[in-house]
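Notes follow once the structure below has been shown.
Atoms within a ligand are numbered from 1 in the order they appear, just like the ligands themselves.
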Amino acid sequence: MSPGPSVLIEAASLTDVGLVRERNEDAFGEKSLVGGRLFVVADGMGGHAGGATASRLAVEAVEAALGTIPRDPPRALREALEAANRSIHDESQRDPSLRGMGTTGVVLLIGSGGCWVANVGDSRAYRLRDGALDQLTRDHSVVAEMVRLGVLTSAQAAVHPRRNEVLRSLGTAPDVDVDVDAVDVSVGDVFLLCSDGLSGVVDDAAIAALLADDSAEDASRALVEAAIGQGAPDNVTVQVIRVHAPV
Ligand code: CA
């Protein structure tokens, strides 16, 4: 269903270093576009300053690439993440201390023409509708691939020693393969973008219950607190996007 000429959206973003890591290498961005809104979460990796630099560069590149709801959103999203990939890779080649840095990227674009999600890596987008939580993105990770092949169950994947290994990332190679999907959107939907610091420790049922809160800000805080309640072994980032009404 089309959300109408434009959509009234309530959004809140929150990031937390967690209880174990010394640095927060996640980053997020929110941008109002002509005719819509853009959201992005990036989860950086790489020693020293690399991870935080990669995630920050990803957010900056995606925001710079999109100023209006584009004519061809899937293509524009793909190009935005390709630009992010080039920006991070170029910087890693210039500065030896940043060699090998990379980041995930998940982007949600919502506006009068519809809703689109793009991703690289294992940061996720979800949609809560009528109490049912759907994962909109496919993880590009070793364990997700093993689950798809039937080698691991989801429960085994959650505690597997290779659970943090991604198969695709932004910045670690000159080129990147980006997944993009058009997503159905209706009034009442709640979208969530998050890093694996949330999805790795808080299960879908708990995420669904917390996302159902009437306030995006309260939901974002409750989600981060739920990860902290599970020991928050990783940086935690959430963006909660509630679709209130067509206007
Ligand atoms: Ca992470």
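When you scan the N, O or S atoms of Asp43 for the one nearest the Ca ion (ligand 1), you land on OD2. The atom of Asp196 that is an N, O or S and sits closest to the Ca ion (ligand 1) is OD1. Distances from the Ca ion (ligand 1) to each N, O or S atom of Asp234 single out OD2 as the nearest.
Among the atoms of Glu25, no N, O or S atom is found under 3.0 Å from the Ca ion (ligand 1). The Ca ion (ligand 1) does not have Asp122 among its coordinating residues (no N/O/S atom, backbone or side chain, under 3.0 Å).
Residues Arg148 and Arg138 meet the side-chain proximity criterion, which asks for heavy atoms closer than 4.5 Å. Residues Val117 and Phe191 form no side-chain contact, since every pair of their non-hydrogen atoms from C-beta on lies 4.5 Å or further apart.
Membership of the apolar cluster around Val178 extends to Leu33, Leu38, Val40, Leu57, Val59, Val62, Leu66, Ile69, Leu77, Leu81, Ile88, Leu98, Met101, Val107, Leu109, Trp116, Val120, Leu170, Val176, Val180, as traced through chained side-chain contacts below 4.5 Å between ILVMFWY residues.
Under the rule for a salt bridge (Lys or Arg N to Asp or Glu O under 4.0 Å), the partners of Arg168 that lie at least two apart in sequence or sit in another chain are Asp177, Asp179.
In this structure, Pro174 and Asn85 approach most closely via the heavy-atom pair O-ND2, 3.1 Å.
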